[in-house]
Amino acid sequence: MTDARLFHWEYNPPPIAHEVFRVEGGTPLRGEVTISGAKNAALKLLAAATLTGERCRFMNVPEIEDVRVMVETLRDLGVVVDHPAPNVYEVASGDVDWLFVPLEAAAKMRASFILLGPLLARFGQVIMSNPGGDRIGRRPVNLHVDAMRALGAEIDYRNGYYFAKAPGRLRGAEIRFPNVTVMGTENAMLAATLADGHTVIRPAALEPEVDDLIAMLQKMGAEVERTYPDTIEVRGRRRLRGANHSVIPDRIEAGTFVIAAAVSGGDVTLRGAPCDHLGAFLEVLANMGVQVACGANSIEVHGAPRGSGAYRACDVETAPYPGLATDLQPPTSVLLTQATGTSRLYETIFEDRLEWLGELARMGASVEIIDEHHATIVGPSRLRGTAVEIGDLRAGASLILAALAADGITTIRGAHHVHRGYENIEGKFIGLGARIERLAEGTVATPA
Ligand code: UD1
């Protein structure tokens, strides 16, 4: 097979349109699962490659829908993206044809907005659609736009598009964010690597994926470093070079499998799992009495028998890293349904990330949504299979977890959301003994 694109499709077929997961719950998961590369690192690394005309090579890239969308968006710009082997991507952006990121790309994936900084810094102009992405809150991009303006860019907003220009070169600046923003930090940092002069970004997000991006940029010759935990400083260069980089493991995928083992009463070893990046999450699990052991490059989980009520309730609050990741709040909520007592949830980052708990309640969880940031969960609940619907990526994976812990059969509509961020999720669960199938909608009977 010579055509890299064909290779890609053979390896990882696109999701079936309007598909459902059908999960038969109650089997304790057992065995080993290998954690893939981090979505939230890979997408930014692919974007960073547009900062140079030289070839960049990435290993351990997850084969997920969001990566496919990013690759397609880059190719539409005229960037050459090769996919010579599974999980390996090569990007060469010698020149681009078209400095325009259309609504089609932006609506599929909010992270396409990460192209603003690098394209503006390298080519001096870009037109970007206002992004859509997950339905989890308002998700504005004002902080990205403000950061580019601080670096000297002129940006107009008309008819849903940002028209951005950098007359001459971007200029180094002091960028102050009113709150921690992961992609805002990354966009500012990417743009500053080619700006004229010194940039200070504060508060800079502390997420491990930001540090992975810093590591890649340093290999490309950028002068960028974290001078204090919450401060990133950049001295702009005229030119960057190509580099090779292996993506860090996905801490959110790892957390998802940890919970899968815990709620199914299984024994699972996660290979290539980043314990170091899961501190706050593992602390919650320790407080709840889940047996988790960290190795150098692995995590072992020994779940209590399903329905035993052996886990303890715990109050949970999300926060920017090193706090508990908002992306791990939905999986953690599933675990809380299996804990004895009342747990309070405080989602501090996004406004709509508790809505999906309504679907969990339909499976028998005792959940009260107090407002857009607060909920309580009383457990333990005996979950039962029913028909539910996925509204966003993390909630989708969490409904699979709930289905694994439930009695009977659950059908989960809207599986495409899950493929945005999880590589071969049903294959990995099947490898652990789960009874899960991915089917086209209409071929599966809906449980009563
Ligand atoms: C990233 C992650 C996402 C994760 C989130 C928080 C990627 C691709 N996505 O999203 O998985 O859930 O961090 O850890 O890396 N905000 C504004 N204006 C802006 C930007 C953000 O008001 O211009 C607000 C957001 O609405 C939110 C908060 O800032 O309330 C933090 O969001 P941010 O860290 O920017 O999230 P993302 O980088 O979009």
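Note: hydrogens, waters and symmetry copies are ignored here, and every other heavy atom, side chains too, is used. Just so you know, ligand 1 is whichever comes first in the structure, and atom 1 is the first atom listed for that ligand.
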Tell me whether the centres of the aromatic rings in [X] and [Y] are closer together than 6.0 Å.
X: F21; Y: H419; result: yes
X: Y346; Y: H374; result: yes
X: Y157; Y: Y162; result: yes
X: F257; Y: F429; result: yes

Are any of the N/O atoms in [X] less than 3.5 Å from those in ligand 1?
X: M183; result: yes
X: N40; result: yes
X: A111; result: no

With rounding to the nearest 0.5 Å, note down the distance linking CD1 in I252 to CZ in F281.
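With rounding to 0.5 Å, CD1 (I252) is 9.0 Å from CZ (F281).
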
Please could you name the atoms of ligand 1 that [X] approaches to less than 4.0 Å, counting only its heavy atoms?
X: T326; result: 6 (C), 12 (O), 14 (O)
X: R110; result: 37 (P), 39 (O)
X: H144; result: 23 (O)

Before accepting this row, confirm whether a basic side-chain N of the pair E209/K39 lies closer than 4.0 Å to the acidic partner's carboxylate O.
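No, E209 and K39 are not salt-bridged.
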
Carboxylate-amine/guanidinium proximity below 4.0 Å for E32 and R271:
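Salt bridge present between E32 and R271.
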
Does [X] approach ligand 1 within less than 4.0 angstrom via side chain, backbone, both or neither, non-hydrogen atoms only?
X: K44; answer: side chain
X: E186; answer: neither
X: Y321; answer: neither
X: V182; answer: both
X: R353; answer: side chain
X: N142; answer: both

Quick one: does [X] get a heavy atom under 4.0 Å from ligand 1?
X: I114; value: no
X: G184; value: no
X: L43; value: no
X: R394; value: no

For Y89, does the six-membered ring have the charged nitrogen or CZ of R57 within the cation-pi criterion, i.e. under 6.0 angstrom from the centroid and within 45° of the normal?
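Geometry flag: not set, cation outside 6.0 Å or 45°.
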
Counting heavy atoms only, which of N179, T181, L393, D327 comes nearest to atom 28 (C) of ligand 1?
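Minimum heavy-atom distance to atom 28 (C) of ligand 1 goes to N179.
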
Check the surroundings of atom CZ in R55: do more than 12 heavy atoms from other residues, nucleotides or ligands lie under 6.0 Å from it?
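Count over threshold, so yes.
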
Considering residues at least two apart in sequence or located in another chain, which fulfil the ring pair (Phe, Tyr, Trp, His ring centres under 6.0 Å) criterion with H198?
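For H198 there are no ring pair (Phe, Tyr, Trp, His ring centres under 6.0 Å) partners, ignoring immediate neighbours.
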
Can you list everything that forms a ring pair (Phe, Tyr, Trp, His ring centres under 6.0 Å) with H277? Sequence neighbours excluded, please.
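With sequence neighbours excluded, H277 shows a ring pair (Phe, Tyr, Trp, His ring centres under 6.0 Å) to no residue whatsoever.
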
